[in-house]
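Here is the structure we will look at.
Order of appearance sets the numbers: ligands from 1, and atoms from 1 within every ligand. The analysis underlying the following values was restricted to heavy atoms, covering all of them including side chains, and did not include hydrogens, waters or symmetry mates.
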Amino acid sequence: MGLRRKLVLGAVLIVTGLALSAGGCALQRLPNVPQEITGPPASPPVLAAFKSDPAVQTQEDWQDRRAPLLKARFQSEIYGAMPGPAAYEIVSRELLQKPEKGAIGTIERITIAIKTAQAGPWPGGHPTVDLILMIPKGKGPFPVIAGGTFCGNDALLPKQPGVRTTSMALPQECGGGAPGFLVTAIFGRHANAPPWETLAEKGYALASWHPGDVVPDVPVVAEPYLQALTPVGTPPDKRTGAIAAWAWTSSRVVDVLSADPRLDPKRVLLWGHSRHGKAALLSAAFDPRPAAVWALQSGTAGAALGRDDVGESVADITTSFPHWFAPAYRAFAGKPADLDVDQHQLIALLAPRPVLIGTGRRDQWGDPHGSFRALKGADPAYQLFGESAFSQTKLRQPDGTGVLAFYMRPGLHGIHTEDWAEALSFFDRTVQKPASN
Ligand code: GTR
């Protein structure tokens with residue numbers, strides 16, 4: 001590039017940076033949510049009679065009657081049909097890094113072909129996921145923290161040339177290649193890349209992938225992929241939404257991780273930020289294998305209650321992201337109280353496994369209050385399994401005891417060092433024990 005073009009590009013970047021940081025400062029002035037809990041309790045009460053199903057009294061009632069009923073409603077009203085079972089094949093394994101220093105043992109790429117029931121628009125007819133797997137030094141089997149990220153594997157491992165292999169469309173915010181320092185300034189240090197070294201030091205493996213390898217996160221473009229994943233015979237208004245497709249992808253990754261002798265299949269931990277937090281919760285609600293979930297700022301159709309329409313409304317989310325959901329969800333725009341289910345019932349489907357919900361004080365859109373009340377609403381289902389109650393009473397004071405946990409840090413929507421610190425201490429407390437214990 002000539003000197004002149006470099007100067008012009010530099011000037012453009014500086015001006016964009018100043019504009020965005022001015023925007024960022026304005027955003028920092030968004031009001032904090034109130035410190036005192038507001039809003040009504042979650043409804044319907046999680047164990048109460050539901051439609052024709054009588055009140056739940058025992059674990060068996062929950063598992064045999066209520067859970068299947070709730071899963072059916074979540075699919076038909078919100079997320080669309082979950083894709084059917086699918087075998088996988090490991091196409092290749094490639095060692096990307098084997099650092100001499102530090103706690104990271106190896107970083108590799110495992111390319112997985114998923115044998116979907118129907119062929120679709122993917123190259124070769126079936127989806128291929130590039131899984132990046134970090135294994136710490138030392139003796140396993142290790143617990144593994146697994147989650148999908150926004151912008152593809154090149155953003156995940158920025159210093160590793162050629163890591164991204166996806167040929168799928170990226171959402172606008174990734175495809176334009178916004179300079180990394182701006183993304184970090186706005187969305188936090190770990191917006192794209194988790195703290196690899198810290199995880200390895202603490203004895204956690206990390207599995208990361210780009211859910212857009214299966215369904216691109218772009219409205220309209222996503223449609224043919226969703227059609228191909230939708231089980232045959234599903235009514236059109238219940239076609240699989242992208243959140244369900246990503247949740248199902250996560251289960252296919254769990255298939256691979258559970259079969260890896262370096263990892264402990266009893267300690268596969270799912271995490272996700274925002275849309276991927278929604279997918280992580282949904283995935284564990286339908287798949288009993290993940291041992292715990294951390295959902296950060298998962299908001300509407302994630303951890304936040306939807307009936308009160310606080311934060312992002314059904315109308316907002318289905319306008320911006322129609323591809324995320326069953327078309328049927330859109331019918332509840334402006335009348336979310338007509339939904340049969342609410343998000344405390346989704347969290348309850350994870351019982352008795354540990355769940356950490358992270359929120360930000362200025363992230364009104366993500367609704368910290370509704371997320372707190374959802375945990376409270378899920379708690380009676382946990383008590384059926386003898387788990388300690390969610391006894392936290394203040395948004396800002398985690399009580400650090402139960403398997404349901406909540407925190408609210410300062411700031412906006414993003415992934416910060418303190419989020420990972422909260423998650424790791426939660427996993428340490430609830431699941432990071434030797435497999436033999
Ligand atoms: C927001 C969206 C949320 C949330 C978030 C994200 O714009 O309205 O539902 O999921 O994006 O994924 O970052």
- Taking atom types as modelled and ignoring hydrogens, do the side chains of Trp248 and Asp287 form a donor-acceptor contact shorter than 3.5 angstrom? no

- Message: Under the ring pair (Phe, Tyr, Trp, His ring centres under 6.0 Å) test against Trp271, which residue among Phe426, Trp420, Tyr204 passes?
- Response: Trp420

- Only residue of His416, Arg361, Arg362 satisfying side chain to side chain contact (heavy atoms under 4.5 Å, CB included) with Arg409 is His416

- Query: With sequence neighbours excluded, what pairs up with His344 under the side-chain hydrogen bond (donor to acceptor under 3.5 Å, both in side chains) test?
  - Reply: none

- Between Arg330 and Thr319, a side-chain donor and acceptor under 3.5 Å: yes

- Message: Minimum heavy-atom separation for Leu412 and Gln297, please, with both atom names.
- Response: O-NE2, 2.9 Å

Pairs under 3.5 Å, N/O atoms on ligand 1 and on the protein: can you put them in a table with the distances?
from, atom 1, to, atom 2, distance (Å)
ligand 1, 8 (O), Glu312, OE1, 3.0
ligand 1, 8 (O), Glu312, OE2, 2.4
ligand 1, 8 (O), Trp365, NE1, 2.9
ligand 1, 9 (O), Lys278, NZ, 2.9
ligand 1, 9 (O), Glu312, OE1, 2.5
ligand 1, 10 (O), Ser274, OG, 2.9
ligand 1, 10 (O), Arg275, N, 3.2
ligand 1, 10 (O), Lys278, NZ, 3.3
ligand 1, 11 (O), Arg275, NH2, 3.4
ligand 1, 12 (O), Ser274, OG, 2.8
ligand 1, 12 (O), Arg275, N, 2.9
ligand 1, 12 (O), Arg275, NE, 2.5
ligand 1, 12 (O), Arg275, NH2, 3.2
ligand 1, 13 (O), Ser274, OG, 2.9
ligand 1, 13 (O), Arg275, NH2, 3.4
ligand 1, 13 (O), His413, NE2, 3.3

